Amino acid sequence: MTKRLSRILIAVGICMILGSLSGVSTSTSVNTWFTTLEKPFFNPPNWVFGPVWTILYIMMGIAAGRVWALGTETAGVKKALVLFTAQLLLNFLWSLLFFGMKSIGVALIDIVLMWIVIVLTMHAFKPLDKMAYRLMWPYLIWVSFATALNVGILYLNM
């Protein structure tokens with residue numbers, strides 16, 4: 001197995017594990033507390049989130065693995081991976097805040113910070129690996145949509 005492939009598989013695995021752990025806090029509230037909330041008209045059905053997040057975590061892992069495979073001695077790689085890790089942890093934290101703690105407002109602050117760190121990550125990825133940069137676009141678009149949902153849910157449930 002090549003260094004690139006092994007690092008991609010490890011990065012995808014890490015993203016999937018954190019995504020699964022996020023799903024634990026989500027699953028405890030999605031069919032109970034979450035159903036009691038008013039939601040904006042553009043809120044998709046609950047079944048959409050699992051497949052979308054699975055695809056996004058795979059794409060994110062591939063992106064991070066590609067950058068990691070360049071070697072941490074390569075200029076900019078460490079910074080890019082630190083940013084990637086930061087946004088991934090903010091992603092994990094969002095589920096805990098929103099679904100676990102039922103703190104919609106604090107979750108909104110988290111997702112805005114996550115969005116900013118995703119943009120910074122993409123900016124760091126771009127000169128290192130254009131494909132890694134491109135693989136992050138669907139994630140940024142989805143998090144933008146999720147931010148709008150978070151705002152709408154907060155507004156409708158104040």
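These numbers were taken from a predicted model, which means no experiment stands behind them.
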Do any N or O atoms from the side chain of Lys39 and from the backbone of Phe34 form a donor-acceptor pair under 3.5 angstrom?
yes
Say you draw a straight line from [atom1] of [X] to [atom2] of [Y]; how long is it, rounded to the nearest 0.5 Å?
X: Lys78; Y: Leu83; atom1: NZ; atom2: CG; value: 14.0 Å
X: Ile104; Y: Met158; atom1: CD1; atom2: CE; value: 10.0 Å
X: Met16; Y: Leu21; atom1: CE; atom2: CG; value: 11.5 Å
X: Met114; Y: Thr147; atom1: CE; atom2: OG1; value: 6.5 Å
X: Leu108; Y: Leu113; atom1: CG; atom2: CG; value: 9.5 Å
X: Thr2; Y: Ile8; atom1: OG1; atom2: CD1; value: 7.5 Å

Residue pairs fulfilling ring pair (Phe, Tyr, Trp, His ring centres under 6.0 Å) with at least one residue in residues 106-126, sequence neighbours excluded:
none
Ring pair (Phe, Tyr, Trp, His ring centres under 6.0 Å) contacts touching residues 59-86 (sequence neighbours left out):
none
Set of side chain to side chain contact (heavy atoms under 4.5 Å, CB included) partners for Ala146, sequence neighbours left out
Ile111
Can you give me the closest heavy-atom contact between [X] and [Y], atom names plus distance?
X: Pro40; Y: Ile153; value: CD-CG1, 3.7 Å
X: Gly105; Y: Leu154; value: N-CD1, 3.9 Å
X: Gly61; Y: Ala11; value: O-CB, 3.2 Å
X: Val67; Y: Ala132; value: CG2-CB, 3.8 Å
X: Val48; Y: Pro51; value: O-CD, 3.3 Å
X: Thr32; Y: Thr35; value: O-OG1, 2.5 Å

Taking ring pair (Phe, Tyr, Trp, His ring centres under 6.0 Å) as the test, write out the residues that go with Phe145, two or more places apart.
Phe42, Trp142
So do the side chains of Trp137 and Met122 get within less than 4.5 Å of each other, counting heavy atoms only?
yes
Side chains of Ile58 and Cys15 in contact at under 4.5 Å (non-hydrogen atoms):
no
Could you note down all residue pairs passing salt bridge (charged side-chain N to carboxylate O under 4.0 Å, His left out) where residues 129-148 supplies at least one of them, sequence neighbours left out?
Arg4-Asp129, Arg66-Asp129
For residues 147-158, which residue pairs qualify under salt bridge (charged side-chain N to carboxylate O under 4.0 Å, His left out), counting only residues two or more places apart or in two chains?
none
Leu70 reachable from Val82 in the ILVMFWY side-chain graph, under 4.5 Å edges
no
Tell me whether Leu90 shares a hydrophobic cluster with Val24, the cluster being built from Ile, Leu, Val, Met, Phe, Trp, Tyr side chains joined at under 4.5 Å.
no
Other cluster members, Leu93 - Ile/Leu/Val/Met/Phe/Trp/Tyr, side-chain contacts below 4.5 Å
Leu97, Met101, Val106
Run Leu156 and Leu37 through side chain to side chain contact (heavy atoms under 4.5 Å, CB included) and show every step you take.
CA-CA 8 Å; Leu156 293 169; Leu37 297 175; over 6 Å; no
Does any pair with a residue in residues 40-57 pass side chain to side chain donor-acceptor pair (under 3.5 Å), and if so which ones, sequence neighbours excluded?
Tyr57-Asn91
Can you sort out the partners of [X] under side chain to side chain donor-acceptor pair (under 3.5 Å), two or more places apart, ordered by chain and number?
X: Trp94; answer: Asn150
X: Trp33; answer: none
X: Arg7; answer: none

Counting only heavy atoms not in Lys3 (residues, nucleotides, ligands), do more than 12 fall under 6.0 Å from its NZ?
yes
Taking salt bridge (Lys or Arg N to Asp or Glu O under 4.0 Å) as the test, write out the residues that go with Asp110, two or more places apart.
none
